[in-house]
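To start, the structure itself, in structure tokens.
So that the names make sense, note that chain A is the first sequence line, chain B the second, and so on, each numbered from 1.
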Amino acid sequence: MSSATEPDPILVCVAWPYASGPRHIGHVAGFGVPADVFARYQRLRGARVLMVSGTDEHGTPITYEADRVGISPREFADRNNAIIVEDLRQLGLSYDCFTRTTTRNHYRVVQEVFLRLYEKGYIFTRTQLGAVSPSTGRTLPDRYIEGTCPICGYPEARGDQCDNCGNQLDPVDLIEPRSRIDGERPEFRETEHFFFDLPAFADRLREWIEGQAHWRPNVRSYSLNLLPDLKPRAITRDLDWGVPVPLPGWRERPDKRIYVWFDAVIGYLSASIEWARTRGTPEAWREWWQAPGARGYYFMGKDNITFHTVLWPAILLGVGDLNLPFDVVASEFLTMEGARFSVSRGRVIEVRDFLSRYDPDALRYYLTTAGPETTDTDFTWAEFVRRNNDELVGTWGNLVHRTLVQAHQNFGAVPEPGALTERDRRLRAEVEGGFSAVGGFLDRARFKAAIGEAMRLASLVNQYLAEERPWHRIKEDRARAATTLFVAIRCVDDLKTMLTPFLPFSCQRLHEMLGYTDVIAPQPRVREVEDDGGAHLVLGNDYEARPRWAPSCIPAGRPLPRPAALYRKLDPRVVDEELDRMRARA
RNA sequence: GGCGGCGUAGCUCAGUGGUAGAGCACACGACUCAUAAUCGUGUUGUCGCUGGUUCGAUCCCAGCCGCCGCCA
């Protein structure tokens, strides 16, 4: 039920990081941090939020990487899952359930979805020619095959296209084809696959997408552009690593698995179901997936738009009875010191590496204010240090510190105010207006604008202190200084609430410095969950949804502890140190 | 080859059919409570190029140049 006082349920679906290795800050910039800011804000305004994701662990790349390391795909996925879970925990991403695609629960849900679509006639079989490695018996994806281009004679054309002449190719046509893995010549065999009948949904998708006026324009137009060319899409592969096809005669086959893209998007649903089962309320997921007022927000990088605006909605339409996405918030790409992230060239900074030297809120601040929200943006160490020192520490951290130090030293408590002046009231009104201004931006997933407004208000409070000069005034008019500091503390308290979605760690510390004893920024925990005999890691927690998105009522007289700095200023030398590290990896 | 994006002050980026903004950098001033942080004032631009639509375009359209991405 929806009403003005109780917001509708909010489902926050976050793209599933691929477990082929540790993730870098570009990955979390695109979906992790924005999604968490959004989820935390929604909880603060009292909405019931369910935020789900997990590691995406099937697919050919993982089997190859595992082979290279000499372990099984499962072991390989286990390792990376553990690393990624720890990264996300340290970043404070408040998932309700961050799981993985190798759970029994996920297999079951994927197979149910498959069967439902199959029974409705949206899935059919078709025979095609596929490349197979003779020695391993494994299928080779087109881009893992190279050979001489039949059109221009370029000797290193890939199976899907020739980098020299740009023509699209079929691997069967390559002259002297060879595997990029081990150089051997692939065999081409007939193979039968299942296809999902996407064209059957083209009209419904068009009608639906055209109605989504609130989407980011590029997401909407990009998606509409895809529709005229929709073709049936393969949803199985010749592979032994993945979800088995749940049909008689297929289920037992060791060489046929559901294609990773199909199983991964279903993870949103399976993770929601896992969350509900684990907490002993197996039907609770329906509140976010079937209630008419529930809204699903999907966060991802722009490379994933197709899956979230076309493929997944088509699956949902085919299954029926499940809500389509309300918004698909796609971010652009982050680059690193002027070029794409490149693991092989050392142009990369992994999340865990970053967090071993810098605070999570410093990274969250940077990724929100300078991240790829609407256009590609570049991460540079110089800009990271600059924004940390000038903005996070200088404007906001310093406002908190100067205010609390003065209050603590002179009064030991929130000072008792006298009558507020016109100037006092003007500042209070402006800062309190931030709840609707910042909130309005956050409701529309406009994160840069939201944090920019909060920071602008912080500057206004600094300006107010510069004018009122309580440190000077206190010598002749202690009562007036008390009022000024009282006003400033209430503003700081307001800004703390507004900044909590962005900076949960430091705002929780500030919350306590202001004498509160409860938790405003709960953090996720890692725990083991039993799953039909196996166990897997889950990142999550029970977060309260309690309305706190409202002006400060902090009472005068409340004792204040001695304040401590919220943030660390960075030595500009770290820029060169980090650049040296990067060069050393190259 | 098809599709799409981007090109705005030294730098990073906003933005709007009516001749353009923020932060940083830079200069000067104020203050000294505060992690030498803060506050104020000021300077900076043929809004990629060429045409078109319009009374008027940086914002609409076409072509071009440059950078980038996606798809096949």
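- B:rC71 atom C1' lies 13 Å from atom CG of A:Leu230, rounded to whole Å.
- Rounded to whole angstrom, the span from the CG atom of A:Asp303 across to the C1' atom of B:rG4 amounts to 14 Å.
- Atoms CG (A:Leu311) and P (B:rC71) sit 12 Å apart, rounded to a whole Å.
- Take A:Arg581 and apply the side chain to side chain donor-acceptor pair (under 3.5 Å) test, not counting sequence neighbours, and it matches A:Glu578.
- Across all strands shown, B:rA27 forms a Watson-Crick or G-U wobble pair with B:rU41, both key distances being under 3.5 Å.
- Partner assigned to B:rU54 is none, using Watson-Crick or G-U wobble distances below 3.5 angstrom.
- When the P atom of B:rC3 is taken as reference, atom CG of A:Leu226 falls 13 Å away, rounded to whole Å.
- Taking atom CG of residue A:Leu224 and atom C1' of nucleotide B:rC3, one finds them 13 Å apart after rounding to whole Å.
- B:rC55 sits 30 Å from B:rG4 when the P atoms are compared, rounded to a whole Å.
- Nucleotides B:rG7 and B:rU53, compared at atom C1', are 23 Å apart to the nearest Å.
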Tabulate protein N/O versus nucleotide N/O from nucleotides 33-39 of chain B, keeping only pairs under 3.5 Å, one per line.
residue	atom	partner	partner atom	Å
B:rC33	O2	A:Arg402	NE	3.3
B:rC33	O2	A:Gln406	NE2	2.7
B:rC33	N3	A:Arg402	NE	3.3
B:rC33	N3	A:Arg402	NH2	2.6
B:rC33	N4	A:Arg402	NH2	2.9
B:rA34	O3'	A:His401	ND1	3.0
B:rA34	O2'	A:Asn398	OD1	2.7
B:rA34	O2'	A:His401	ND1	3.2
B:rA34	N3	A:Asn398	OD1	3.4
B:rA34	N3	A:Asn398	ND2	3.2
B:rA34	N3	A:Arg402	NE	3.3
B:rU35	N3	A:Tyr567	O	2.7
B:rU35	O4	A:Leu566	N	3.1
B:rU35	O4	A:Tyr567	N	2.8
B:rU35	O4	A:Tyr567	O	2.8
B:rA37	OP1	A:Lys569	NZ	2.3
B:rA37	O5'	A:Lys569	NZ	3.1
B:rA37	O2'	A:Gly394	O	3.0
B:rA37	O2'	A:Asn398	ND2	3.1
B:rU38	O2'	A:Arg402	NH1	3.0

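- Nearest heavy-atom pair, A:Pro325 versus A:Trp208, reported as atom, atom and distance to 0.1 Å: O-CZ2, 3.3 Å.
- Nearest-nucleotide mapping onto RNA chain B: of A:His472 and A:Asp378, the residue sitting toward the 5' end is A:Asp378.
- Rounded to whole Å, the P atom of B:rC26 lies 12 Å from the corresponding atom of B:rA37.
- One P atom belongs to B:rU58, the other to B:rG51, and the distance between them is 13 Å to the nearest Å.
- Judged by the 6.0 Å distance and 45° axis criteria, A:Arg558 is positioned over the aromatic ring of A:Tyr516.
- B:rA30 and B:rG15 have their C1' atoms separated by 33 Å, with the value rounded to a whole Å.
- One C1' atom belongs to B:rA9, the other to B:rG48, and the distance between them is 15 Å to the nearest Å.
- Pairing partner, B:rU19: none, since no Watson-Crick or wobble contact has both distances short of 3.5 Å.
- With respect to A:Ile315, the side chain to side chain contact (heavy atoms under 4.5 Å, CB included) criterion is satisfied by exactly one of A:Phe262, A:Phe201, A:Tyr122: A:Phe262.
- The distance from atom CG of A:Asn304 to atom P of B:rC71 is 11 Å, rounded to the nearest whole Å.
- Between A:Tyr358 and A:Tyr366, the ring center distance fails the sub-6.0 Å criterion.
- Ring to ring, A:Phe341 and A:Phe379 are not that close: their centroids are 6.0 angstrom or more apart.
- The separation between A:Arg456 atom CZ and B:rA14 atom C1' is 15 Å, rounded to whole Å.
- Nucleic acid contact class of A:Arg387 (heavy atoms, under 4.0 Å, all strands): none.
- Here A:Tyr567 and A:Tyr365 keep their ring centres 6.0 angstrom or further from each other.
- Note on ring orientation: taking the six-membered ring where Trp is involved, the planes of A:Trp312 and A:Tyr268 are tilted (angle from 30° to 60°).
- Atom C1' of B:rC11 sits at a distance of 30 Å from the matching atom of B:rG17, rounded to the whole Å.
- If you check B:rG66 for Watson-Crick or wobble pairing at under 3.5 angstrom, you find it paired to B:rC6.
- For B:rU32, there is no paired nucleotide, since no Watson-Crick or G-U wobble pair has both relevant distances below 3.5 Å.
- If you take NZ of A:Lys302 and P of B:rC3, they are 18 Å apart, rounded to a whole angstrom.
- To the nearest whole angstrom, the two C1' atoms, one in B:rA20 and one in B:rC47, are 7 Å apart.
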